Protein chains: 2
Amino acid sequence: MQVFWSKGYDATSLDDLCDATGLSRSSLYAAFGDKRSLMLQSLSRYVDNGSEKIAKRLATKAPFRAALADFLNDFIDAIVAGPGRRGCFIGNCAAEIPRHDREAMAQVRAALARNEGYFRAALDAAKSRGELSRKADTAALARFIASSIQGLRLVGKANPDRALLEDIAAVMLRCLDE
Amino acid sequence: MQVFWSKGYDATSLDDLCDATGLSRSSLYAAFGDKRSLMLQSLSRYVDNGSEKIAKRLATKAPFRAALADFLNDFIDAIVAGPGRRGCFIGNCAAEIPRHDREAMAQVRAALARNEGYFRAALDAAKSRGELSRKADTAALARFIASSIQGLRLVGKANPDRALLEDIAAVMLRCLDE
DNA sequence: TGAGTTCTGGACTAATAAGTCTAGAATAGG
DNA sequence: CCTATTCTAGACTTATTAGTCCAGAACTCA
């Protein structure tokens, strides 16, 4: 997963994967099938890990606005200080996956939808706590947040500049107030 | 440019490029240098075309809010109905380019900055026309719009669903009202 | 027209890719 | 301790890759 995330699908060779896993080719094929299949399993793992984190943090913290602010801040920290320029694995997949690979595209779509779902749930909870306007369209807001995070991480990959990313996050957060 | 945009860098072979240009290998190399160089020139061309379009449309139409709405609508049309699932070439590059390729990353960064600049100019003009709150931070808004468009196009690539994208665009537009 | 220059098709090279296969190591069960 | 099964290292195959090169076509200009 780390290798695919860092280098992308095409640029990752089987030798890279063998090095990273410590397995030989035959064991790798026996355990995971071919390269594409391993890629999809990696993405699946990434989504499982990441989504769980999102869900936990949004569910335990309140108010939602503060939880999201926290969340975005951590993203920015990771982008600026972390093992940089990897972007979001989901986003990288969305960009690189060949158009005709429907299964892979479906998995990316599902990953995005899953995150959107967690945001939606947190927004609904916040709305029922009275944190949001009664007219707030939580579905649309969730979609917006999921999409904007992709934008944030993509921009952050190309330009990991804290001030830039904080500007983006600040405007994002303002969208919650209607 | 079309081929790189559709297939990505690694998945594009020189044979693809020869087919697309109608040139033979030697002519291709004579005209554009090696593959990477041609890729960068393609990106440059994409940005020149695209940015000009952005600038023109934002400059001639007013109010800004309507111009942006129009703009987003066209994006959505293109994503939903167009020769689908190509995403934004800039975004694709940001995702696929190897991290260590500083020159390429710088070009992507410049491309994003250029778009951001056009939004900024249009926002400033709108502000001076009194369309925006006097406190509006046009720099931050421009950064946000540039980033969100990347998000929109990425999500649209994975899931070209009009309702989804219109939700995202609607929330984006609301960020202009403070 | 004709010599000189530039351009171009496509064969060629060398490297690297994914995926397969076999010989032998490790493990398990009795 | 010995046989039978499973697993693994790494050589191997076949295909494809980016990039080179040269013979000959096309063009230029006197």
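Note that the coordinates shown come from a computational prediction; the quantities given were computed from them, not determined experimentally. Every chain is numbered from 1, with letters handed out A, B, ... down the list of sequences.
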Write down the distance between [atom1] ([X]) and [atom2] ([N]), rounded to a whole number of angstrom.
X: A:Phe32; N: D:dC7; atom1: CZ; atom2: P; answer: 14 Å
X: A:Lys35; N: C:dT16; atom1: NZ; atom2: C1'; answer: 12 Å
X: B:Asp16; N: D:dT16; atom1: CG; atom2: C1'; answer: 12 Å
X: A:Tyr29; N: D:dG10; atom1: OH; atom2: C1'; answer: 14 Å
X: B:Asp10; N: C:dA18; atom1: CG; atom2: P; answer: 11 Å
X: A:Asp15; N: D:dC12; atom1: CG; atom2: C1'; answer: 14 Å
X: A:Asp19; N: C:dA18; atom1: CG; atom2: P; answer: 12 Å
X: B:Leu28; N: D:dC21; atom1: CG; atom2: C1'; answer: 16 Å

**Short side-chain to backbone donor-acceptor contact, A:Arg25 and A:Cys18, under 3.5 Å** =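 Pair absent, no side-chain N/O of A:Arg25 close to backbone of A:Cys18.
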**Prompt:** Do the side chain of A:Trp5 and the main chain of A:Gly87 share a donor and acceptor less than 3.5 angstrom apart?
**Reply:** yes
**Asked** Closest heavy-atom contact between B:Leu40 and B:Gln107?
**Response**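 Heavy atoms only, the tightest pair is O-NE2, 2.8 Å.
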**Request:** Compare the minimum distances between each of C:dG19, D:dG19, C:dG9 and the side chain of B:Asp34, then state the nucleotide with the smallest one.
**Result:** D:dG19
**Asked** Side chain of A:Leu14: nearest nucleotide among D:dG19, C:dG19, D:dT8?
**Response**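 Nucleotide nearest to A:Leu14's side chain: C:dG19.
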**Message:** Does this structure show an ion pair linking A:Lys7 with B:Glu96, if we count only N-O contacts that are shorter than 4.0 Å?
**Reply:** no
**Item:** Donor-acceptor pair (no angle test) under 3.5 Å: A:Arg25 side chain, C:dA18 base
**Value:**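 For A:Arg25, whose side chain was compared with the base of C:dA18, there is a donor-acceptor pair (under 3.5 Å).
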**Item:** Any donor-acceptor N/O pair under 3.5 Å between C:dG9 base and B:Ser26 side chain
**Value:** yes
**Asked** If each of A:Arg36 and B:Leu23 is mapped to the nucleotide of DNA chain C with the nearest heavy atom, which maps nearer the 5' terminus, i.e. the 5' end?
**Response**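 Between the two, 5'-proximity favours B:Leu23.
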**Request:** Report which part of the nucleic acid A:Ser13 touches: base, sugar-phosphate, or nothing (heavy-atom distance under 4.0 Å, all strands).
**Result:** sugar-phosphate
**Message:** Between B:Ser27 and C:dT8, is there a contact of a side-chain N or O with OP1 or OP2 at under 4.0 Å?
**Reply:** yes
**Asked** Does OP1 or OP2 of D:dA9 have a side-chain N or O of A:Ser24 closer than 4.0 Å?
**Response** yes
**Message:** Could you work out, with side-chain hydrogen bond (donor to acceptor under 3.5 Å, both in side chains) as the rule, every residue matching A:Arg153, not counting sequence neighbours?
**Reply:** A:Tyr46
